[in-house]
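The model shown is predicted, which means the values in this text are computed figures rather than measured ones. Keep in mind that the numbers below use all heavy atoms, side chains included, and drop hydrogens, waters and symmetry copies. Throughout, protein chains are lettered first and strands after them, A, B, ... in sequence-line order, and every chain is numbered starting at 1.
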Protein chains: 2
Amino acid sequence: MSIRPRPTSRDVAERAGVSQATVSLVLRDRWRGRVSPARVEAVRAAVAELGYRPNLAARSLRLGRARTALVVVPALTNEFFARMYAGAARVAAGEDVGVVLYVPPDERGPAPDPFASAGAAVDGVLASSMAAESLATLSQGGLPLVMLDSEPRGPGTATVNPDIADGTRQVARHLLGLGHRRFAHLAAEVDSWTFRVRARVLAEELAAVPGARLVAAERAPITVRGGLGAAERVLAGARGKAGPTALVCDDDLLAVGACKAARRLGLRVPEELSVTGFDDLTVATAVEPELTTVALPAEDLGAAGMHALLALLAGTSPATTVLPAALLPRASTAPPPPGP
Amino acid sequence: MSIRPRPTSRDVAERAGVSQATVSLVLRDRWRGRVSPARVEAVRAAVAELGYRPNLAARSLRLGRARTALVVVPALTNEFFARMYAGAARVAAGEDVGVVLYVPPDERGPAPDPFASAGAAVDGVLASSMAAESLATLSQGGLPLVMLDSEPRGPGTATVNPDIADGTRQVARHLLGLGHRRFAHLAAEVDSWTFRVRARVLAEELAAVPGARLVAAERAPITVRGGLGAAERVLAGARGKAGPTALVCDDDLLAVGACKAARRLGLRVPEELSVTGFDDLTVATAVEPELTTVALPAEDLGAAGMHALLALLAGTSPATTVLPAALLPRASTAPPPPGP
DNA sequence: CTGAAAGCGCTTACAG
DNA sequence: CTGAAAGCGCTTACAG
């Protein structure tokens, strides 16, 4: 089993009896009116026989662009980001653009240079839900950049966001409409735009209704365990007293944890406690009762982001796009129990 | 806002008052004993001032390798693959290797060429859970290839697999040990090595115990809905009769669907029906009762796969590695109800 | 310790 | 319709 060196376009040209230029023309499908059909066939045959594939590094170098985008997400084991990635990748594939994925090794600690780690040459960057510092590193790259689910930074940058404010508003009004007045907020312990908006809008909506108020707020890692622990702290502290009747959670995983906490404390959801999530993850309809939550168009977000990046690379000026969020009322919310 | 052309190593050299060769030596950290400290400093300063980043396409072309691996997974919205990817990416980052991710746009239809779509130059391929046809395309690439969670194909290929057979065996024996004799199998409707092994080993284990048998088998898409539908068919067909007392599911999502079906039919889990999953996804401990399932070392699998690929690129001969699977007995399994 | 030069494999403007 | 040649930006063997 000897190692056969990888064939080059020169080898193909030799075998087909044509010049390297002709091979390139055929491979890039720019041959019409320039290369005779017989030679086109000869080139294709030689390509197949040799199992030739163009050297992408050479092509990128020559063309000055790589037709490749760097996609940066905080974590992939999070279904929301995975769906966003899927949307971005679908668009990229359709436009014949490659995708290099970069996930920072750890959310803590200084973010290493994504470009050094990327290995491949990229033309632009699509970055999601980045903390401010990580974003600085990305901007320094000097590459065209589109941000997803991030703080809009004025007309100079391209941003594609879900309408977090409206989603949060819908949750608040849904619960207020059911009669709830004592709320607790189970917040994600991540300092990013999306979660800051949720906290702010929830506070605003409650402030607008007399008698409504936030009786507790807890931060937790975005996991079932995190939600469980935080909800236990919130609910245990208020046993028998004027505790919250509604738990607004920043994420479905937190909401699932909250439901588990309620069950352990003997509180029925939704009869004694209403719980809402965010994202409409798979888990939202896996549990019983199924979660009332806010569906964010994760795939569309990724797709729109990739479209925006390609437009940017083509010379469009950056803008901010906002995609709608939708409340999905399900079985984890109901009117509060008759009060004390 | 004029477009400033990206600086090259030539620009850096000029600014630092050295040759291009010196710049390269400094950037690749090969300068010790060859470049004076003062000039090293000058180069670093020039790099910082210009915001220079090496052109990776040019470097790859010159070096003849890209230090980049192509990772191919069937879907990323599946938590198992996302975890596998995370493990592979962690190792790659540690070895300063880039990762290009390729996810076939649709499982149906002919798989497009992952290399054409990849955009970037890659040195090797890490492919997971591929159907046979997709695998053929990958092998044709002529690149070093490591397969994950796939049919071992003899000493010529590198494979890293979880011990699916042992995991299935543990599930079967756990249920047999609890006293179950009438089983149903909720299988994934995907024709791949991993699921074929599960069906085969389950059948073998039941065949080894007198009186034990498979009373039903259904195939379903790997979703909660899929599991719900399949379980309804299995359970509804057997109402009051000698239906299964244990449902062995190929995946946690199927198992969650099965639990929902049982609840709708008024069957209590685990008192009247035991249900098992596979993978130990987040959802396994999100639902109540928490699922008895088989934990597969997804991250380790990805990490081991990337290590194997790097070893292959370094000249090692391919081999098959098997990683352990572990039964996690939780609350969805119990002895069967006293039988008729 | 330093620099000039060759060449990786491709694509395209140009000459025929 | 076809081919010879230049050059993308980098790295390294070589000459000084």
May I have the step-by-step check of salt bridge (Lys or Arg N to Asp or Glu O under 4.0 Å) for A:E95 and A:R67, ending in yes or no? CA-CA 9 Å; A:E95 300 286 337; A:R67 286 202 76 74; 5.3 Å; no

B:N161 meets the side-chain hydrogen bond (donor to acceptor under 3.5 Å, both in side chains) criterion, sequence neighbours left out, with none

Sorted by chain and residue number, the side-chain hydrogen bond (donor to acceptor under 3.5 Å, both in side chains) partners of B:R196 (sequence neighbours excluded) come out as B:E151, B:D191

Here the residues of residues 38-47 of chain B within 4.0 Å heavy-atom distance, strictly under, of DNA chain C are B:R39

The test is salt bridge (Lys or Arg N to Asp or Glu O under 4.0 Å); show your working for A:E79 and A:R83 and say whether it passes. CA-CA 6 Å; A:E79 191 182 334; A:R83 275 158 54 185; 3.6 Å; yes

Contact list for residues 15-24 of chain B, test side-chain hydrogen bond (donor to acceptor under 3.5 Å, both in side chains), sequence neighbours left out: B:S9-B:Q20, B:R15-B:E49, B:S19-B:T22

Can you build the contact string for nucleotides 7-16 of chain C? Use B for base contact, S for sugar-phosphate-only contact, and - for no protein heavy atom under 4.0 Å. BBBBBB----

Does atom CZ (A:R10) have a neighbourhood of more than 12 heavy atoms from anything else shown, all under 6.0 Å? no

A:S150 and A:T159: which non-hydrogen atoms are nearest, and at how many Å? O-CG2, 3.6 Å

Of the non-hydrogen atoms in B:D149 and B:S129, which two are nearest, and what is the gap between them? OD2-OG, 2.9 Å

Does any part of the side chain of A:N55, heavy atoms only, come nearer than 4.5 Å to the side chain of B:L61, both counted from C-beta? yes

A:Y85 and B:V103, any side-chain heavy atoms less than 4.5 Å apart: yes

What dot-bracket string describes DNA chain D from 5' to 3', counting Watson-Crick and G-U wobble pairs whose defining distances are under 3.5 Å, with [ ] for crossing pairs and | for pairs to another strand? |||.||||||||.|||

